[in-house]
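Encoded as C-alpha cells, the structure appears first; notes follow it.
So that the names make sense, note that chain A is the first sequence line, chain B the second, and so on, each numbered from 1.
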There are 2 protein chains.
Amino acid sequence: MITNKNCIIRLSRYKNSLHRLKTLGFVKVFSDNLADAVGVTSEQVRKDFSLFGITGNKRGGYTVDALTEKLNTILGKDRVQNVIVVGLGNIGTALTKYRGFEKECIKITAAFEADAAKCSRKTAVPILPVEEMPEYIRKNSIKIGIIAVPDVAAQQTADIMIGAGIRGILNFAPISLRCSEDVVINNVNLELELESVIYFVNTMPVTESTASK
Amino acid sequence: MITNKNCIIRLSRYKNSLHRLKTLGFVKVFSDNLADAVGVTSEQVRKDFSLFGITGNKRGGYTVDALTEKLNTILGKDRVQNVIVVGLGNIGTALTKYRGFEKECIKITAAFEADAAKCSRKTAVPILPVEEMPEYIRKNSIKIGIIAVPDVAAQQTADIMIGAGIRGILNFAPISLRCSEDVVINNVNLELELESVIYFVNTMPVTESTASK
DNA sequence: TAGATTGTTAATCGATTAACAATC
DNA sequence: TAGATTGTTAATCGATTAACAATC
C-alpha cells in the first residue's frame, strides 16, 4: 500500500498538468513533459506511475486521455466526494464558499456551526447547528470532514466526527489532532506554514540578486 | 544551515507547547514532556535542539523561560514580522481577518486587490490597489508576502513581489510557483491537501472499529 | 552514590535519484 | 535499424530512530 502523501500530491499535480496539456492539444505526453510541467524529474514521474501500475508505451509515452482516466480513478475523481465543514469562522467560511473544490469533484454538502445565529438552511451550502452533525454524518454516510473550529474545541469535534463515521479529516485548527490509526488526519497549520517561511527568510544568506532590493 | 522544514515546524510546536506548559505552572521541562505534548519521541526533541545548539541540564531538563526565549529568537519571534496579503477572494479575506497571527508576532500590515471596488484605506488592515504594491513593499521593507490570487495571476504576482524585494512567499494559489533559489516559496494547496485525505480514506482497509459505523 | 536525563554517534528506514536493460 | 523512451533495479541521500556514554 502506498502511504507516501507526497506521492499522492504529485499524482494530483500530474492530473492537473495533463488537463492543461490537453487544452493545448496534446494527445500523447512523455514523462519528460509531465516532469517539466510539475517541476520534478522524469524518473520521478515514471517511478510514481510504476508504484500505481500505470504503464505507457516505450518510445510512445502515455495517451493523455487514458492516463487522465487512470489518475482520476486512483484519486477517486470518478465520483463526487461529499465533504462537510465544521466551524464557520474566517477560514471555515472561506472554505465553504471556495469554488476551487467543485472542479475536483469535491462537494461541500453542509457546514456546521455552534453559534445558532449563524445557522441557516437557506444558504447555498446549508449551515446547520453542530448538534445535528452526528446524525447528518450517519444519514449521508459522510466520510470526510474539514475542521475549522477554535483550537480548544478541535479535538472534541474530531472525536465526535470520528464517532459518527468520519474516516478522514483536514484540520485547520492550530493543534495537532490525535486519533486511532484507522482515521486519516491531515493537519494544515497556517501559522506554522507562515512561520517556516519567516524562519528561512530570516536565516537565508543575502545573495547578490537580493542584496540591493 | 538547517533546511528541513519539518524541523522548523516542530520547533514552533515545541514553543507552542511550552507556552501551554508554562500556563500549567511548569518551570522546568524534560524532553519527554515536550515529546508527549507534540507527539514525537524524546530523542527527536533532543536531536532537534542539538541541531540548533540548544542545551539543557543533564538530569535537570530545560528551564521553560530560557528555552522559550531561545526558540523565539530562532523563530524570529523576538520582533514583529510584517506581512502583506495579495488577493482578497475567500481565502485572502479570511487570512487578512484571521486573528491567529497576532499572537505569533506576525502582523498583516496591508492587503492588495485588483478590483478597485474592494479597496479601502479605512479598514483595520488597509486594502490597497495592487498597482501600489511594489512601492509599498520597497517603502516598508516588506520581506514576506501571502499570495491568494487566482491561479492565472499567481506567477506574475510572485514575480512582481520578488522584484520589489519580497524574499518569502506563502502561496495559496493552486499552482506551484517557480522562483530563483534565494527566495523561499511555501505552496499550500488546499485542494491537494483534501485530495490526499480522500485518497487515503478511499484506499484504507476497513477495520473492525470503523466497519460498523 | 544511584538513577535519570541529556546529547551525540551509529544504525535504520524510506524516499529520491541514477543507471541501464528492454523495446517500440 | 538506430534512437528515444519506458520501467525497474541499484545507489544515494537525508531524516528519523536507536543506542549509549557522559554527567548532573
Side-chain angles (χ1 to χ4, degrees), chain A residues 1-14 17-18 21 26-68 70-71 74 176 181 187 192 196 199-200, chain B residues 1-14 17-18 21 26-68 70-71 74 176 181 187 192 196 199-200:
Chain A
M1 206 185 100
I2 283 83
T3 55
N4 183 347
K5 184 185 149 193
N6 289 338
C7 183
I8 303 300
I9 300 247
R10 282 197 302 271
L11 241 49
S12 289
R13 290 195 202 278
Y14 301 145
S17 294
L18 267 184
L21 291 172
F26 279 58
V27 175
K28 296 191 300 183
V29 288
F30 300 120
S31 58
D32 215 44
N33 300 138
L34 288 170
D36 285 345
V38 170
V40 297
T41 63
S42 61
E43 292 88 347
Q44 176 82 270
V45 175
R46 297 198 300 277
K47 180 78 177 179
D48 286 338
F49 286 178
S50 102
L51 288 172
F52 290 91
I54 295 176
T55 56
N57 307 301
K58 293 197 195 263
R59 184 90 181 83
Y62 308 82
T63 312
V64 171
D65 287 341
L67 183 55
T68 300
K70 276 178 189 162
L71 289 173
I74 291 166
S176 295
E181 293 257 311
N187 294 296
L192 298 191
S196 83
Y199 171 80
F200 287 114
Chain B
M1 206 185 100
I2 283 84
T3 55
N4 183 348
K5 184 184 149 192
N6 289 337
C7 183
I8 303 299
I9 299 246
R10 282 197 300 273
L11 240 49
S12 288
R13 292 195 201 277
Y14 300 145
S17 294
L18 266 183
L21 292 172
F26 280 59
V27 175
K28 294 192 301 182
V29 288
F30 301 120
S31 56
D32 215 43
N33 301 138
L34 288 171
D36 285 346
V38 170
V40 297
T41 65
S42 63
E43 292 89 347
Q44 178 82 269
V45 175
R46 297 199 301 277
K47 179 78 178 180
D48 287 338
F49 286 179
S50 102
L51 288 173
F52 290 90
I54 295 175
T55 56
N57 306 301
K58 296 198 195 261
R59 185 90 181 82
Y62 308 81
T63 312
V64 171
D65 287 339
L67 183 54
T68 300
K70 277 179 190 164
L71 290 174
I74 291 166
S176 295
E181 294 256 312
N187 295 296
L192 297 190
S196 84
Y199 171 80
F200 288 113

Quiz prompt | Leading and trailing nucleotides of DNA chain D with any atom under 4.0 Å from heavy atoms of chain B | solution = dA15(D) to dC24(D)
Quiz item: Counting any heavy atom closer than 4.0 Å, what does G61(B) reach on the DNA or RNA strands: base, sugar-phosphate only, or nothing?
Solution: sugar-phosphate
Quiz item: At under 4.0 Å between heavy atoms, what does G56(A) touch on the DNA or RNA strands: base, sugar-phosphate, or nothing?
Solution: sugar-phosphate
Please set out all donor-acceptor pairs under 3.5 angstrom arising from side-chain atoms of residues 53-60 of chain A, sequence neighbours excluded.
none

Quiz item: How does DNA chain D read in dot-bracket, base by base from 5' to 3', with Watson-Crick or G-U pairs under 3.5 Å and | used when the partner is on another strand?
Solution: ..||||||||||||||||||||||
Quiz item: Is T68(A) close to Y62(A) at the side-chain level, that is, under 4.5 Å between some pair of heavy atoms?
Solution: no
Practice problem: Could I get the full list of side chain to side chain donor-acceptor pair (under 3.5 Å) partners for N4(A), not counting sequence neighbours? | Solution: none
Quiz item: Can you name the residues that form a side-chain contact (heavy atoms from CB on, under 4.5 Å) with N187(B), not counting sequence neighbours?
Solution: N171(B), S176(B), L177(B), I185(B)
Quiz item: In chain order, what residues pass the ring-ring contact (aromatic ring centres under 6.0 Å, His included) check against Y14(A), with sequence neighbours excluded?
Solution: F49(A)
Quiz item: Looking at residues at least two apart in the chain, or sitting in another chain, which of them share a side chain to side chain donor-acceptor pair (under 3.5 Å) with K5(A)?
Solution: N186(A), E193(B)
Quiz prompt | Nearest heavy-atom neighbours spanning L11(A) and F52(A) | solution = CD2-CE1, 3.5 Å
Quiz item: For D32(B), which contact category applies under a 4.0 Å heavy-atom criterion: base, sugar-phosphate, or nothing?
Solution: nothing
Self-check item: By side chain to side chain donor-acceptor pair (under 3.5 Å) - contacts of R10(B) (at least two apart)
Solution: Q44(B), D48(B)
Could you pull out every donor-acceptor pair under 3.5 Å between side chains of residues 27-37 of chain A and any protein atom, sequence neighbours left out?
residue : atom : partner : partner atom : Å
S31(A)  : OG   : R46(A)  : NH1          : 3.0
N33(A)  : OD1  : F30(A)  : N            : 2.8

Quiz item: Does the side chain of I8(A) come within less than 4.5 Å of F200(B)'s, by heavy atoms?
Solution: yes
Exercise. Search all heavy atoms of L51(B) against all heavy atoms of C7(B) and return the closest pair with its distance.
Key: CD1-SG, 4.1 Å
Practice problem: Indicate, with a heavy-atom threshold strictly under 4.0 Å, whether F49(B) touches base, sugar-phosphate, or nothing. | Solution: nothing
Quiz prompt | DNA chain C contacts among residues 39-46 of chain B, heavy-atom distance under 4.0 Å | solution = R46(B)
Quiz item: More 5' along DNA chain D: S31(A) or R59(A), using each one's nearest nucleotide?
Solution: R59(A)
